[in-house]
Visitor: 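For reference, the structure I am asking about is given below.
None of these values were measured; they are calculated from a predicted model. The chains referred to below are lettered A, B, ... by the order of the sequence lines, with proteins before strands, and numbering in each begins at 1.
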2 protein chains.
Amino acid sequence: MSSDSGAVLDAMRDGIMRGEFVPDQRLVETDLSERFSASRSSVRSALQQLANEGLVERIQNRGARVRAVSLAEAIEISEVRMVVEGLCAAKAAERVTPAEADELREVGARMSAAVASGDVLGYSDLNRSLHRRIRELSGQATAGGVLERLRAQIVRHQFRLAMQPGRPAVSLNEHLAIIHAICSGDPETAEQAARGHLRSVIEALRAYKD
Amino acid sequence: MSSDSGAVLDAMRDGIMRGEFVPDQRLVETDLSERFSASRSSVRSALQQLANEGLVERIQNRGARVRAVSLAEAIEISEVRMVVEGLCAAKAAERVTPAEADELREVGARMSAAVASGDVLGYSDLNRSLHRRIRELSGQATAGGVLERLRAQIVRHQFRLAMQPGRPAVSLNEHLAIIHAICSGDPETAEQAARGHLRSVIEALRAYKD
DNA sequence: CTCTCTCTGATTGTCGCCAATCTTGTGCTA
DNA sequence: TAGCACAAGATTGGCGACAATCAGAGAGAG
């Protein structure tokens with residue numbers, strides 16, 4: 001299935017998200033085609049796709065560079081996430097089955113354990129899992145797509161945030177509140193919990209103007 | 001400035017949104033390149049962009065076709081619009097200046113006049129203007145981009161909806177409520193008004209299962 | 001008569017080349 | 001010394017040709 005251009009696309013996206021390509025770094029098509037041993041058109045196609053995903057910036061006849069997401073933009077993005085994740089949480093609360101509720105509670109328990117044992121990386125992974133699972137449970141493909149795109153743009157900021165001391169403890173309670181509301185089948189409360197969580201993220205982002 | 005590929009892109013997007021290309025219609029690259037007298041790579045690039053905008057669907061080695069947005073998908077999209085437009089309305093209420101408020105009220109007056117005189121097309125245009133202006137006033141570029149993309153996908157449904165008898169009268173009041181809340185500088189009410197309007201749109205969409 | 005296999009026509013994916021455009025460094029002039 | 005015109009290098013944009021892949025028709029076996 002995976003054509004070559006698809007492989008180049010994935011490799012480049014991964015490289016950007018993992019930080020191998022620094023923000024504002026120029027992405028010269030020839031260099032990339034050599035680096036990934038693919039043709040320049042494949043690279044070109046991948047660059048266009050990445051531009052649409054908001055990971056790179058392209059200017060006419062001037063090439064592409066890794067998009068640097070400013071703190072202000074990260075806040076904007078988080079605001080949109082706030083309302084869309086709120087929607088997903090509400091819909092998830094409406095549709096959740098008992099089995100799925102147990103699964104969510106299980107994730108919550110593991111998150112608590114991770115925070116208790118100071119496993120920041122594990123907590124970060126669980127965090128991502130939880131948000132993804134809620135998106136899936138919501139059955140809202142459109143919202144899911146929007147959130148996926150937005151998340152990719154702010155992985156760097158998210159990571160920095162997760163590393164801030166004391167942050168996991170705060171976010172854990174918010175996550176548990178979301179889980180509880182969804183498992184209770186209460187859309188209103190679930191939406192408010194999700195929004196509250198993202199509001200807290202925004203506050204934390206505003207906090208560090210380093 | 002406008003390169004050829006950009007021209008092809010705009011022409012194709014316009015063609016799809018204007019209905020010259022029917023939903024599910026196959027879009028063969030060779031045909032398109034001949035029709036727009038452009039090279040196949042330009043067409044190819046445009047197709048990729050349109051796929052990212054959600055207007056066409058592409059399958060590996062199987063070509064592109066105009067994406068048919070089902071009623072269910074239109075409802076999903078409207079749900080996302082509901083929360084994001086709510087965000088924009090709230091932020092617009094926070095930032096609006098007196099001059100801009102007057103401008104909004106002016107649009108409201110023209111909408112009332114259009115409905116009173118049965119000018120459905122004019123009302124539809126004003127509707128679009130209003131939503132766009134609110135997006136601009138919100139200063140939320142991210143939300144604006146999301147909404148722009150979503151709107152393009154459901155122009156057809158929006159148009160059908162606007163044509164439904166009695167619909168403009170209902171939506172007019174909702175629009176006036178949004179305008180009033182924003183001009184009052186009341187974010188909470190503005191968000192609720194915007195959400196109420198979109199909720200009404202969703203209801204109307206659900207109504208016709210023809 | 002139906003199922004499967006193969007072959008063919010149509011269409012997309014990839015490649016290398018050339019033209020168009022931008023950036024940068026250089027030299028001339030006031 | 002500052003400013004401007006110009007040329008050279010680097011990089012992107014566009015094009016045609018070739019290879020890879022898929023859908024469908026048709027032949028053959030059961």
Visitor: Of the listed nucleotides (D:dT11, C:dT11, D:dG13), which one gets closest to any side-chain atom of B:Val28?
Guide: C:dT11

Visitor: Give a yes/no answer on whether the side chain of B:Arg58 brings an N or O atom under 4.0 Å of OP1 or OP2 in C:dG13.
Guide: yes

Visitor: Between D:dG14 atom C1' and A:Glu29 atom CD, what is the distance in whole Å?
Guide: 12 Å

Visitor: Just jot down the side chain to side chain donor-acceptor pair (under 3.5 Å) partners of B:Ser200, sequence neighbours excluded, or say none.
Guide: B:Arg167, B:Glu174

Visitor: Rounded off to whole Å, could you give me the CZ-to-C1' distance for the B:Arg65 and D:dA23 pair?
Guide: 12 Å

Visitor: side-chain contact (heavy atoms from CB on, under 4.5 Å) with A:Asp119: which residues, sequence neighbours excluded?
Guide: A:Ala114, A:Ser117, A:Leu121

Visitor: Could you check how far CZ of A:Phe36 sits from C1' of C:dC15, rounded to whole Å?
Guide: 19 Å

Visitor: What integer distance in Å separates A:Gln48:CD from D:dT12:P?
Guide: 14 Å

Visitor: Can you check the A:Ile59 CD1 to D:dA10 P distance for me, whole Å?
Guide: 21 Å

Visitor: Are B:Arg62 and D:dA23 close enough that a side-chain N or O sits under 4.0 Å from OP1 or OP2?
Guide: yes

Visitor: Whole Å only: how far is the CZ atom of B:Arg44 from the C1' atom of C:dT11?
Guide: 10 Å

Visitor: Got a sec, which pairs hit salt bridge (charged side-chain N to carboxylate O under 4.0 Å, His left out) with one end in residues 192-201 of chain B, sequence neighbours left out?
Guide: A:Glu191-B:Arg195, B:Glu191-B:Arg195

Visitor: Identify whether any heavy atom of B:Leu47 sits under 4.0 Å from a base atom; if not, whether one sits that close to sugar-phosphate; answer base, sugar-phosphate or nothing.
Guide: nothing

Visitor: Could you pull out every donor-acceptor pair under 3.5 Å between side chains of residues 13-22 of chain A and any protein atom, sequence neighbours left out?
Guide:
unit_1, atom_1, unit_2, atom_2, d
A:Arg13, NH1, A:Glu53, OE1, 2.6
A:Arg13, NH1, A:Glu53, OE2, 2.5
A:Arg13, NH2, A:Asp10, OD1, 2.9

Visitor: Do any N or O atoms of the protein come closer than 3.5 Å to N or O atoms of nucleotides 16-21 of chain D, and which pairs are they?
Guide:
unit_1, atom_1, unit_2, atom_2, d
D:dT21, O3', B:Asn61, ND2, 3.3

Visitor: Assess whether atom CD of B:Glu34 is packed by more than 12 heavy atoms of other residues, nucleotides or ligands within 6.0 Å.
Guide: no

Visitor: What residues form a ring pair (Phe, Tyr, Trp, His ring centres under 6.0 Å) with B:His157, not counting sequence neighbours?
Guide: none

